[in-house]
Amino acid sequence: MTDASLPTLRGTTEDTPGPSVLELEELLRAGKVSCSRVDEVWPNLYIGDAVTANNRFELWKLGITHVLNAAHGGLYCQGSPDFYGTSVTYLGVPAHDLPDFDISTYFSSAADFIHQALCTPGAKVLVHCVVGVSRSATLVLAFLMLRQQLTLRQAVIAVRQHRWIFPNRGFLRQLCRLDRELRDASQS
């Protein structure tokens with residue numbers, strides 16, 4: 001996907017500062033209005049819900065080799081290396097879907113996990129939380145920004161083409177901060 005093929009918001013370009021939280025919410029409301037239990041949002045990268053993650057047969061049918069649980073330890077997300085056995089590599093992120101939760105502390109480790117998995121021939125990664133809309137989507141967006149060099153706007157558009165997502169406002173603010181940091185770093 002080229003920069004020219006990516007829509008912009010209200011006449012902005014990629015040379016202007018990143019989107020605001022309100023602009024992101026507007027962009028997130030556009031496009032696909034529903035999602036299935038699991039959707040491929042990037043080659044071999046899936047976002048899904050806890051029901052899918054807790055179904056080893058479904059994961060096997062999808063060919064999932066790596067699971068990143070963005071709600072590790074939560075009531076509905078009891079995944080662990082013991083649950084998946086040796087056929088699936090597991091990373092648990094004990095994030096809470098609250099606007100004041102600092103999920104940004106997991107951006108780098110989650111992006112590294114996804115990147116290393118996708119560099120493995122034949123690997124497929126499922127990133128999930130309870131519903132697959134906020135925590136998991138936030139970590140996938142951070143991966144696309146950190147490891148695929150997409151801007152936040154580009155990452156949102158890329159994922160939204162395949163799945164309805166809606167990170168909470170606190171997570172969107174943290175993604176905006178990451179977007180600014182990456183822009184500043186690329187300009188220096």
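Note that this is a predicted model, so its numbers are computed, not measured.
R29 is listed as a side-chain neighbour of F166, based on a closest heavy-atom distance under 4.5 Å. Contact of the R183 side chain with the D179 side chain is registered, since non-hydrogen atoms from C-beta on lie closer than 4.5 Å. A 4.5 Å side-chain heavy-atom check between F83 and V88 finds every atom pair outside the cut-off. Using a 4.5 Å cut-off on side-chain heavy atoms (C-beta onward), M145 and F107 make no contact. Proximity of V140 to L45: side-chain heavy atoms (C-beta onward) are separated by under 4.5 Å at one or more points.
Hydrophobic cluster membership differs between L22 and L178, with clusters built from Ile, Leu, Val, Met, Phe, Trp and Tyr side chains linked at under 4.5 angstrom. Taken together through direct or relayed side-chain contacts under 4.5 Å among Ile, Leu, Val, Met, Phe, Trp and Tyr, W60 and V67 form parts of separate hydrophobic clusters.
With sequence neighbours left out, R177 forms a salt bridge (Lys or Arg N to Asp or Glu O under 4.0 Å) with no residue at all.
The existence of a salt bridge linking K124 and E40 is excluded, since no basic side-chain nitrogen approaches an acidic carboxylate oxygen closer than 4.0 Å. For E58 and K61, the salt-bridge test passes: some basic side-chain N is under 4.0 Å from an acidic carboxylate O.
Classified by interplanar angle (parallel below 30°, tilted 30° to 60°, perpendicular above 60°), the ring pair F101/H96 is perpendicular.
Across I157, L144, V159, a single residue satisfies side-chain contact (heavy atoms from CB on, under 4.5 Å) together with L150, and that is L144.
For the pair R135 and F171, the cation does not sit on the ring face, since its NZ or CZ is not both under 6.0 Å from the ring centre and inside 45° of the axis.
To the nearest 0.5 Å, atom CG of residue D49 and atom OG of residue S36 are 8.5 Å apart.
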